[in-house]
Participant: 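Quick one: the structure is below, and I'll ask about it shortly.
Read the numbers this way: they start at 1 and go in the same order the structure lists the ligands and their atoms. Numbers here are sequence positions counted from 1. This structure is a prediction, so every number in the text was calculated from the model and none was measured.
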Amino acid sequence: MIEIKPVSKVDATVVVPGSKSLTQRALIAAALADGTSKLIGPLASEDTSYTSKALEQMGILVERGENSWVVHGSGGKLVTPEEDIFLGNNGTATRFLTSVTALGQGDFRIDGEERMQERPIGPLMEALQGWGVDIASVNGTGCPPLHLKSKGITGGATILPEGKSSQYVSSLLLVAPYAAQPATLEVNGEVLSKPYVAMTLSVMSDFGVSVECNEAFTSFTIPQGCYRAMEYEIEGDASNASYFWAAAAITGGRVTVANVPVPSLQGDADLAPLLARMGCEISLDGGGITLRGRDHLDGITVDMGNMPDVVPTLAVVAAFAHGKTVITNIAHLRIKECDRLSATLTELTKMGARVEEGDDFMVIHGDGGACLHGAEIETYNDHRMAMSFAVAGLRVPGVKIRGENCVAKSFPTFWESFGELG
Ligand SMILES: O=C(O)C1=C[C@@H](OP(=O)(O)O)[C@@H](O)[C@H](O)C1
Ligand SMILES: C=C(OP(=O)(O)O)C(=O)O
């Protein structure tokens, strides 16, 4: 357990580690490319280690240096893994690598931690079956462990049934160029977390494959092709930048995150303008985004369907605002590392906040933070719970974070960087 000490006003410039989402996409595109790619500024964390280890099991050599990784691409020819693939609680990799392994040959399992065995993957399995993949959920739950008998994907038309993760769409797109025939993908229902699909299309295009699609991201035509090896530079992680912007917002201080660019490929960078709507000042200095807090924050009403990972950050800031904050379209928070919708509200309540929970929304009744008091915060093995509630501790004495090591999933050096704010 770690106790956070309150500070007056933070005043800092920080550099955050590389984007988890971009690192994983670039690793996969580079692994399937014909030739050797170099990833500059990748994220070294528990999740990206699971991804690169799984790719290594499929015969891809990933040489991990201090600030760049060299990936020896296979041109799409994958070796059969000798052991089952284990991906911890890495939802992105579990969804993406299910399709990647389908490109290879062999009979094996994909599995993860207990929580990953509760995170659905059924819609992706159905869409892959439409491309001729023999895949089943071992326990019949529509969740991992999965059993695959891979022999490549046929391509042609497939349909992704309605689901609560954009990762299914990204996963299918990433492998579609390697299908035996040109592929199309139709998605039933609304696509949540859309910026992540845009990010996938951007990485694919950088690696040389252009996909045709509609604006709603429900209809895609993917040409056959092979990714082109390249040198790819990774932006700083905007979801992880959120904790530093939030620190400025609630302490009335200043934080510049130097390596999240504008424009960014990451939807979560849009948290900064949202904090500006609550009363902060935003400016673009030296290539990064600076947030300055003021004495007063106002509650807002906002649809966060496109920015699920920064909802806990926003909810914590909302507890220090004046008035009601209503966060809608967030049912997908319930299938993250924990049920983040409930967990966030449970822990805010423990700190004295007045909140309301709906199936797909939350309400925080802010009073400027006056009612908040210290508490031992449960983190449910969820890195985003630990990092968001650490922010609250900068204003409220006695905030203690249990299970603080869970930050290793996406930001192993978080506590050192956060400590520098004080
Ligand atoms: O594609 C990605 O890199 C991600 C997509 C999002 O998931 P959903 O699409 O399931 O909301 C996000 O929560 C996750 O952290 C990363
Ligand atoms: C939801 C997250 O990741 P994943 O789905 O990859 O486990 C996250 O990092 O907040």
Participant: Describe, in one word, how the ring planes of Phe414 and Tyr243 are oriented to each other, choosing from parallel (under 30°), tilted (30 to 60°) and perpendicular (over 60°).
Facilitator: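 Perpendicular, since the angle between the ring planes exceeds 60°.
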Participant: If you measure every N or O of Thr92 against every N or O of ligand 2, does any of those distances drop under 3.5 Å?
Facilitator: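 Looking only at distances, the answer is yes, because the N/O contact criterion of under 3.5 Å is met.
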Participant: Find out whether Val355 and His365 are in side-chain contact, i.e. whether some heavy atom of one side chain is under 4.5 Å from a heavy atom of the other.
Facilitator: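 Sidechains of His365 and Val355: no contact.
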Participant: Just need the protein heavy atom nearest to atom 1 (O) of ligand 1, so name the residue and atom and give the distance.
Facilitator: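 Its nearest protein heavy-atom neighbour is Arg25 NH2, 2.6 Å.
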Participant: Need the ligand 1 atom indices (1-based, order shown) with element for anything under 4.0 Å from a heavy-atom of His332.
Facilitator: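 Close to His332: 11 (O).
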Participant: Could you tell me the residue and atom name of the protein heavy atom closest to atom 3 (O) of ligand 1, and the distance to it rounded to 0.1 Å?
Facilitator: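 Answer for atom 3 (O) of ligand 1: Ser21 OG, 2.7 Å.
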Participant: Out of all atoms in ligand 2, which are within 4.0 Å of some heavy atom of Lys20? Include the element for each.
Facilitator: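 In order of numbering, the contacting atoms are 2 (C), 3 (O), 4 (P), 6 (O), 8 (C), 9 (O).
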Participant: So which heavy atom in the protein is nearest atom 5 (O) of ligand 2, and how far is it from that ligand atom?
Facilitator: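 Nearest protein contact, heavy atoms only, for atom 5 (O) of ligand 2 is Arg119 NH2, 2.8 Å.
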Participant: Between Pro223 and Val209, what is the shortest heavy-atom contact and its length?
Facilitator: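 Shortest heavy-atom separation between Pro223 and Val209 comes out as CG-CG1, 4.1 Å.
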Participant: Show your reasoning for whether side chain to side chain contact (heavy atoms under 4.5 Å, CB included) applies to Ile330 and Met362.
Facilitator: CA-CA 8 Å; Ile330 51 170; Met362 59 168 77; 3.8 Å; yes
Participant: Please work out, at 4.0 Å between heavy atoms, whether the side chain, the backbone, both, or neither of Arg340 comes within that distance of ligand 2.
Facilitator: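 For Arg340, only side-chain atoms sit under 4.0 Å from ligand 2.
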Participant: Return yes or no for this condition: an N or O of Ser165 is under 3.5 Å from an N or O of ligand 1.
Facilitator: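 Yes, Ser165 has an N/O under 3.5 Å of an N/O on ligand 1.
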Participant: With the threshold set at 4.0 Å, does a side-chain nitrogen-carboxylate oxygen contact exist between Arg384 and Asp309?
Facilitator: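 Yes, this pair counts.
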Participant: Counting heavy atoms only, name the option from Lys336, Lys164, Lys409, Gln167 that's nearest to atom 11 (O) of ligand 1.
Facilitator: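 Residue with the shortest heavy-atom distance to the ligand atom: Lys336.
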Participant: What is the nearest protein non-hydrogen atom to atom 10 (O) of ligand 2, stated with its residue, atom name and distance?
Facilitator: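 Minimum-distance protein heavy atom for atom 10 (O) of ligand 2 reads Arg384 NE, 2.6 Å.
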Participant: Taking Arg402 first and then Glu378, would you say they form a salt bridge - that is, a charged N and a carboxylate O separated by under 4.0 Å?
Facilitator: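 Looking at Arg402 and Glu378, the cut-off is met.
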Participant: At what distance is the nearest protein heavy atom to atom 9 (O) of ligand 1, and which residue and atom is it?
Facilitator: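 Result: Ser166 OG, 2.5 Å.
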Participant: What atoms of ligand 1 come closer than 4.0 angstrom to any heavy atom of Ser193?
Facilitator: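 Contacts of ligand 1 toward Ser193, numbered from 1: 8 (P), 9 (O), 11 (O).
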Participant: Please report whether ligand 1 has a polar contact with Asp309, defined as an N or O pair separated by less than 3.5 Å (distance criterion only).
Facilitator: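 N/O-N/O distance under 3.5 Å: yes.
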Participant: For Pro308, is the nearest heavy atom under 4.0 Å from an atom of ligand 1?
Facilitator: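 Contact check Pro308 vs ligand 1: positive.
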Participant: Could you check whether any side-chain heavy atom of Arg95 comes within less than 4.5 Å of a side-chain heavy atom of Ser165, counting everything from C-beta outward?
Facilitator: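 The answer is yes; the side chains approach within 4.5 Å.
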Participant: Just so I know, are the side chains of Ile4 and Ile401 near enough to count as touching, which here means a heavy-atom distance under 4.5 Å?
Facilitator: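 A side-chain contact exists here, since the closest heavy-atom pair is under 4.5 Å.
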Participant: Please indicate whether Arg277 has more than 12 foreign heavy atoms, meaning atoms of other residues, nucleotides or ligands, lying under 6.0 Å from its CZ.
Facilitator: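 Atom CZ in Arg277 is packed in, count exceeds 12.
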Participant: Is the ring pair Phe220/Phe217 parallel, tilted or perpendicular, if the boundaries are 30 and 60 degrees?
Facilitator: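 Because their plane-to-plane angle is under 30°, the rings of Phe220 and Phe217 count as parallel.
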Participant: Tell me, which protein residue and heavy-atom name are nearest atom 1 (C) of ligand 2, and how many Å apart are they?
Facilitator: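 Ranked first by proximity to atom 1 (C) of ligand 2 is Glu337 OE1, 3.1 Å.
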Participant: Please give me the minimum heavy-atom distance between Thr94 and Ile110, naming the atom from each residue.
Facilitator: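 The answer is CG2-CG2, 4.4 Å.
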Participant: For atom 7 (O) of ligand 2, which candidate among Lys409, Met385, Lys336 holds the nearest heavy atom?
Facilitator: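 When every heavy atom of Lys409, Met385, Lys336 is considered, Lys409 comes closest to atom 7 (O) of ligand 2.
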Participant: Under 4.0 Å from a heavy atom of Asn89: which atoms of ligand 2 are those, numbered in the order shown and with their elements?
Facilitator: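 It comes down to these atoms of ligand 2: 7 (O).
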